[in-house]
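Beneath this line is the structure, given in structure tokens, with notes to follow.
All figures in this text were calculated on a predicted structure; none of them were measured in a lab. Ligands are counted one by one from 1 in listed order, and the atoms in each one are counted from 1 as well. Computed over heavy atoms, backbone and side chain alike; hydrogens, waters and symmetry mates excluded.
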Amino acid sequence: MTQINENFLKLKAGYLFPEIGRRVSSFCTNHPEANVIRLGIGDVTEPLPAAVIQAMHAAVDEMGARETFQGYGPEQGYEFLRESIAKHDYQSRGIEISSDEIFVSDGSKCDTGNILDIFGGQNVVAITDPVYPVYVDTNVMAGHTGEVDSTGRYEGLVYLPVTAENNFVPEIPREKVDLVYLCYPNNPTGTVLSHADLKKWVDYARQNEAIILYDAAYEAYITEAGVPHSIYEIEGAEEVAVEFRSFSKNAGFTGVRCAMTVVPKSIQPMTADGERCDLHHLWNRRQTTKFNSVSYIVQRGAAAVYSPQGQQEVGKLVAFYLDNARLLREGLQAVDINVYGGVNAPYVWLRTPGGQTSWDFFDTLLEKSHLVGTPGSGFGASGEGYFRLSAFNSRENIQEAVARFQQLLG
Ligand SMILES: Cc1ncc(COP(=O)(O)O)c(C=O)c1O
């Protein structure tokens with residue numbers, strides 16, 4: 001008899017976004033005239049930068065000529081892209097990450113899930129709460145948890161609440177943890193960690209032989225000084241941290257697909273026999289076995305992000321979304337809503353008015369204002385009473401959404 005991976009059966013039935021989709025489509029069926037504005041899922045809306053398009057066109061032409069045609073590329077990514085990443089994202093900030101510590105991939109979503117292949121099943125795993133759901137679900141799938149409870153928490157995971165009460169800074173847990181997921185700028189709260197706060201985590205990891213999985217998918221949105229752009233800005237992080245970056249949210253690659261994972265060679269975790277082993281080698285082995293990298297055309301497009309033209313265009317895109325976030329923040333603050341995030345991230349996180357539950361506020365907003373956001377409780381038990389708005393939208397829609405919020409809550 002064929003057995004299945006029964007860990008999948010432990011996953012919560014109503015995943016957040018399908019449930020939102022179900023409620024929105026039922027509303028639209030009953031109110032076909034309603035102009036529903038979606039500020040829910042964090043997908044970009046603006047077209048790709050011209051520099052990227054030009055580079056991809058040129059790469060398509062290269063693929064059409066025998067002399068320049070490319071077949072399988074290196075599993076780790078083409079050197080032209082890895083070098084650009086190392087130089088622009090790390091070395092220019094004084095961080096010593098070399099191109100061969102960078103692995104190009106088709107997305108941070110896959111990488112943050114796939115990375116569990118190279119870790120053992122006995123690790124105690126810590127996640128912030130609320131959290132990007134992929135970290136939780138991939139640990140459930142890998143059998144690292146027990147069952148889910150009525151609040152949506154899985155037995156065996158260590159939850160680190162991040163709420164207004166602790167200024168959205170996760171506290172170091174009392175119990176010893178082995179793997180810690182940190183995402184900054186944060187999805188869903190839009191908040192950031194200071195250099196000092198991140199240093200506490202790096203120090204913890206060094207003292208406890210833990211590893212930090214640091215998701216910096218929203219790094220491009222950092223506007224304030226003193227906010228680390230990379231975990232490797234913290235001394236010693238190259239011994240304890242893997243960093244994930246993506247072209248999705250800066251250059252609009254959500255549909256094109258390109259990202260990168262940095263696995264420094266100095267991460268040397270211990271085997272059960274007490275031998276040191278090289279995490280970089282394990283990830284390289286995993287990738288060369290299970291992955292054939294990203295298309296040449298896409299990697300040429302990604303490399304164009306680092307050209308002077310690309311940098312300028314990406315800067316404009318990010319500034320556009322950040323301006324949307326500012327309009328949302330200011331518009332909500334004007335009607336006395338407590339808002340967080342939105343300064344160094346494309347997400348605005350708000351306290352639901354009048355102490356409503358996240359889902360009650362979702363329903364009110366949809367029914368009365370024809371607006372869609374994401375209930376905070378969908379990201380974890382500590383997200384209850386909060387709500388996420390995404391700044392990825394047209395200016396027109398954001399302005400209209402602000403006007404509707406003010407009419408509803410003013
Ligand atoms: C925190 C975080 N990490 C990773 C991703 C996915 O990135 P990618 O498009 O590179 O798979 C997202 C997408 O929403 C995200 O919010």
Distance under 4.0 Å to a non-hydrogen atom of [X]: what atoms of ligand 1 satisfy this?
| X | answer |
| --- | --- |
| Asn187 | 1 (C), 15 (C), 16 (O) |
| Ser248 | 8 (P), 9 (O), 10 (O) |
| Ala217 | 3 (N) |

Could you please spell out the steps behind the salt bridge (charged side-chain N to carboxylate O under 4.0 Å, His left out) verdict for Arg276 and Glu209?
-> CA-CA 11 Å; Arg276 290 277 164 202; Glu209 298 251 349; 2.9 Å; yes

Return the residue, atom name and 0.1 Å-rounded distance of the protein heavy atom closest to [atom].
| atom | answer |
| --- | --- |
| atom 14 (O) of ligand 1 | Lys249 NZ, 2.7 Å |
| atom 1 (C) of ligand 1 | Asp215 OD2, 3.3 Å |
| atom 6 (C) of ligand 1 | Tyr132 OH, 3.4 Å |
| atom 7 (O) of ligand 1 | Ser108 CB, 3.7 Å |

Keeping to residues at least two apart or across chains, list the salt bridge (charged side-chain N to carboxylate O under 4.0 Å, His left out) pairs with something in residues 152-161.
->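 Counting only pairs at least two positions apart or across chains, the salt bridge (charged side-chain N to carboxylate O under 4.0 Å, His left out) contacts touching residues 152-161 are Asp129-Arg153.
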
Will you find, in the side chains of Ser369 and Gln407, an N or O donor that is under 3.5 Å from an N or O acceptor?
->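 Result is no, nothing qualifies.
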
Between Ser266 and Glu239: side-chain donor-acceptor atoms closer than 3.5 Å =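 The answer is no; no qualifying pair exists.
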
Would you kindly specify which portion of Phe247 sits under 4.0 Å from ligand 1, judged on non-hydrogen atoms: side chain, backbone, both or neither?
->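 Neither part.
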
Using a heavy-atom cut-off of under 4.0 Å, does the side chain or the backbone of Cys183 touch ligand 1, or both, or neither?
->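 Side chain only.
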
Can you name the ring pair (Phe, Tyr, Trp, His ring centres under 6.0 Å) partners of Tyr154, sequence neighbours left out?
->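 Result, ring pair (Phe, Tyr, Trp, His ring centres under 6.0 Å) vs Tyr154: none returned.
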
What about the rings of Tyr386 and Phe379, do their centers lie closer together than 6.0 Å?
->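 No, ring centres 6.0 Å or more apart.
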
Hey, mind stepping through Asp203 and Lys200 against salt bridge (charged side-chain N to carboxylate O under 4.0 Å, His left out) and telling me if it holds?
-> CA-CA 5 Å; Asp203 291 347; Lys200 285 185 197 153; over 6 Å; no

